[in-house]
Amino acid sequence: MTPDFYDHVPFKALTIAGSDSGGGAGIQADLKTFTSLETFGTSVITSVTSQNTVAVDGIHAIPAAFVAQQLEAVLSDIGTNAIKTGMLCNAEIVSAVAKTLRKFYPDSEKNIPNLVVDPVMIATSGAALLDSNAIEILIKEFLPLCLILTPNVPEAEFILANAQKTNTTAKIDSLDQMKLAAQELARLGPSIILLKGGHLPLYKSSGKAVPHELFDSISDLSIEMEELELVDLIYDSRTGVFTELRKDFLRTSSTHGTGCTLSAAIAANLSRGLEAHEAITKATDYIQSAIRDGLTVGKGKGCLNHFHHVVPRSIEKPTRYNPHPLTTHLLQACKNDWYKYTHHAFVQGIADGTLPKESFIHYMKQDYLFLQTYARAHGLGAFKARTMAESKAFADIVVHIADESKLHIEYCAKWGITYEEMVNTPESMANVAYTRYVLDIGMTGDLLELGLAIAPCLIGYGQIGQRLYNDPNTLKGDANPYWEWIKNYETSDYQSAVTRGIGEWFFDFHSWDLNERAMMSIKPVGHIKLTNLLSPHVCSFFLVANLERQCNIQQPSSHRLKQLEEVFRTATRLEVSFWDMALHQL
């Protein structure tokens with residue numbers, strides 16, 4: 001299938017790990033983390049465990065050949081931007097995964113790009129999660145493949161003891177020892193070591209480690225202790241540089257799945273294009289907040305809150321099925337007023353040709369006066385713009401409105417309206433109410449609110465023109481004196497301007513960033529072949545074009561959304577009043 005403009009290709013991360021029936025660690029934690037960090041997660045399950053917050057009481061390893069088959073299935077079709085491994089269970093699975101990865105990454109000089117290895121060996125409850133005969137294969141076949149290795153202190157001690165083939169495990173009990181251990185681990189192949197300090201809390205005052213006999217009581221808040229901190233140590237073997245990530249040590253038991261979640265968060269960040277150090281730093285920040293907002297879900301150790309920072313969207317993201325979600329929401333929220341506007345008696349009189357000529361002439365005079373305020377509103381847009389490109393675009397539109405006003409004058413002349421009549425016509429109260437409301441919003445609100453105050457004009461005329469043109473009940477041709485007016489708002493030029501105005505022209509669908517080069521080079525609306533009165537409505541498209549982009553980048557709160565709805569609704573009601581004024585020549 002050939003991708004089209006609206007194809008949404010997500011960032012992808014793959015986890016190769018075991019299943020935790022308790023939901024706090026393993027595959028379950030990884031996929032929650034991927035989702036929380038806006039990454040599409042795929043998985044290869046190496047084992048199925050029976051566990052809860054108290055204990056792991058059963059482990060069933062998946063046959064190594066089937067693990068490899070899962071991995072081939074994912075990489076051969078979906079692919080991935082980053083990989084993390086967790087519980088690999090036994091020697092056969094370790095070898096099968098290493099062999100399959102080498103098959104798909106044959107050109108890697110050393111490390112497989114964005115491979116994060118969490119050397120899961122022992123569960124928080126104490127259960128062994130990796131066979132003893134698999135350690136040697138992990139060290140020889142797997143560690144040389146990874147970009148980042150993320151052991152905790154006990155895992156680092158265990159790996160080094162096996163790598164050095166000693167019967168005694170050298171204790172890591174200080175920050176200096178952590179640095180020596182990180183260097184030794186790097187000699188086994190990984191480019192970057194993240195040696196986690198969660199098992200080695202330090203007193204803030206002295207920097208000394210908490211005695212081991214007190215470690216189990218740290219989460220008991222009834223016991224008074226000095227303030228503690230932990231240090232996650234990054235060692236980059238490519239540069240020889242150490243980086244210390246210091247954080248408050250949180251005295252809580254809601255830490256089940258911390259290692260799994262951290263490595264998954266690093267992989268998710270790598271998949272999104274972050275450099276390794278930034279990916280690690282952001283991942284540790286994510287973990288700290290997830291622990292701080294931890295969940296009590298059973299009788300044992302609690303779990304992290306993987307969705308601590310996720311806020312429900314008030315407006316959905318743009319998709320191929322709903323490319324303008326803010327506009328869709330506003331039209332639905334104001335549907336009764338919108339119907340009164342787009343199906344007004346003035347509009348229906350234009351459709352069947354029965355609108356009194358005097359009403360249309362009155363409307364045309366007031367519309368010219370309205371056009372002057374349109375120019376001032378875009379001047380306010382230039383005043384509130386945040387970039388030179390935006391300022392230039394708004395300034396260009398003001399000039400363009402002045403030029404296009406001449407077309408309005410020419411069109412009015414066909415109806416016997418002279419320029420002197422228009423400029424000497426007093427503003428109606430409906431016109432004053434509408435235009436001063438737009439200017440007031442422009443002065444007191446932001447660009448989003450100013451765009452919403454103008455949006456009903458642009459969008460509504462587009463809907464009206466299209467509906468009347470295609471309605472079989474509309475009187476068409478020379479028999480209808482307003483047929484030319486209808487055709488002008490149905491043209492592909494105007495309809496394109498509406499679409500662009502709502503939010504397509506300057507946007508890249510995946511990043512939704514404003515294309516400043518395009519903004520600097522175009523002359524807004526100038527390519528549209530206007531021949532009459534369209535200018536006051538088309539010229540608003542640039543101001544309105546910010547709506548969807550701003551809403552997608554900075555989601556409005558429910559309270560803010562209500563405010564935006566009210567601006568749009570008020571402007572729509574003022575459009576209704578404008579029709580009333582024209583129809584009854586007020």
Side-chain angles (χ1 to χ4, degrees), residues 6 8 10-11 35-40 268-269 272-274 278 282 285-286 289 293 307-334 377-378 380-394 438 440-456 458-459 499-520 540-571:
Y6 286 109
H8 184 192
F11 300 107
T35 301
S36 178
L37 297 177
E38 298 185 90
T39 305
F40 181 80
N269 290 336
R272 299 179 65 85
L274 272 64
E278 185 180 7
K282 287 185 177 294
D285 290 341
Y286 169 80
S289 296
D293 195 30
F307 303 109
H308 61 273
H309 69 308
V310 176
V311 178
R313 295 179 65 95
S314 56
I315 298 294
E316 67 181 59
K317 282 187 174 181
T319 65
R320 73 182 72 186
Y321 306 106
N322 186 9
H324 309 125
L326 175 62
T327 305
T328 301
H329 174 86
L330 293 171
L331 293 178
Q332 180 61 30
C334 306
H378 284 81
L380 284 173
F383 171 71
K384 290 180 175 290
R386 288 163 293 188
T387 67
M388 185 62 71
E390 287 181 344
S391 295
K392 179 182 183 299
F394 282 119
V438 171
D440 181 60
I441 291 295
M443 289 294 293
T444 61
D446 55 20
L447 277 178
L448 181 58
E449 291 171 299
L450 181 55
L452 286 174
I454 288 177
L458 174 71
I459 301 169
T499 301
R500 293 165 183 160
I502 297 171
E504 281 191 357
W505 197 5
F506 296 130
F507 306 144
D508 173 83
F509 188 74
H510 303 299
S511 65
W512 288 83
D513 289 331
L514 211 56
N515 184 334
E516 293 211 8
R517 179 179 295 179
M519 289 170 57
M520 293 293 287
S540 64
F541 88 89
F542 176 77
L543 187 53
V544 179
N546 276 300
L547 301 182
E548 297 291 347
R549 178 182 68 91
Q550 289 188 46
C551 184
N552 186 58
I553 292 174
Q554 188 172 16
Q555 274 285 294
S557 65
S558 57
H559 177 70
R560 167 70 163 162
L561 185 58
K562 290 296 182 184
Q563 291 178 324
L564 299 179
E565 289 175 9
E566 191 56 34
V567 171
F568 188 84
R569 181 180 293 107
T570 300

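Just so you know, these numbers come straight off a predicted model, no measurement behind them.
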Please name the pair of heavy atoms, one in S391 and one in A385, separated by the smallest distance, quoted to 0.1 Å.
OG-CB, 3.4 Å
Classify the ring geometry between Y286 and H309 as parallel (under 30°), tilted (30 to 60°) or perpendicular (over 60°).
perpendicular
If I compare all heavy atoms of V438 with all of L450, which pair ends up nearest, and what's the gap?
O-CD1, 3.8 Å
Tell me, please, which residues at least two apart from E38 pass salt bridge (charged side-chain N to carboxylate O under 4.0 Å, His left out).
K317
From CG (L448) to CG (L564), nearest 0.5 Å:
5.0 Å
Less than 4.5 Å apart, side chain to side chain, heavy atoms only: is that true for L561 and H329?
yes
Backbone N/O of C334 and side chain of E565: donor-acceptor pair under 3.5 Å:
no
At their closest point, which heavy atom of A333 faces which heavy atom of R569, and how far apart are they?
O-NH2, 3.3 Å
Write down the atom of E449, the atom of V567, and the distance for their closest heavy-atom approach.
O-CG1, 3.6 Å
Taking the side chain as every heavy atom from C-beta outward, state whether V311 and Q555 have any atom pair closer than 4.5 Å.
no
Separation of K562 NZ from S314 OG (nearest 0.5 Å)
11.0 Å
Using the side chain to side chain donor-acceptor pair (under 3.5 Å) criterion, which residues pair with D285? Sequence neighbours excluded.
K247
Only residue of R386, R560, K384 satisfying salt bridge (Lys or Arg N to Asp or Glu O under 4.0 Å) with D446 is R560
State whether the number of non-hydrogen atoms from other residues, nucleotides or ligands found under 6.0 Å of F307 atom CZ is greater than 12.
yes
If I take atom OH from residue Y321 and atom OG1 from residue T328, how far apart are they, to the nearest 0.5 angstrom?
15.0 Å
Only counting residues at least two apart or in another chain, list the ones meeting ring pair (Phe, Tyr, Trp, His ring centres under 6.0 Å) with F568.
W338
What are the two closest non-hydrogen atoms of I315 and L326, and how far apart are they?
CG2-N, 3.8 Å
Are side-chain heavy atoms of R272 and T39 found at a separation under 4.5 Å?
yes
Nearest non-hydrogen partners of C551 and P556, listed with the distance
SG-CD, 3.7 Å
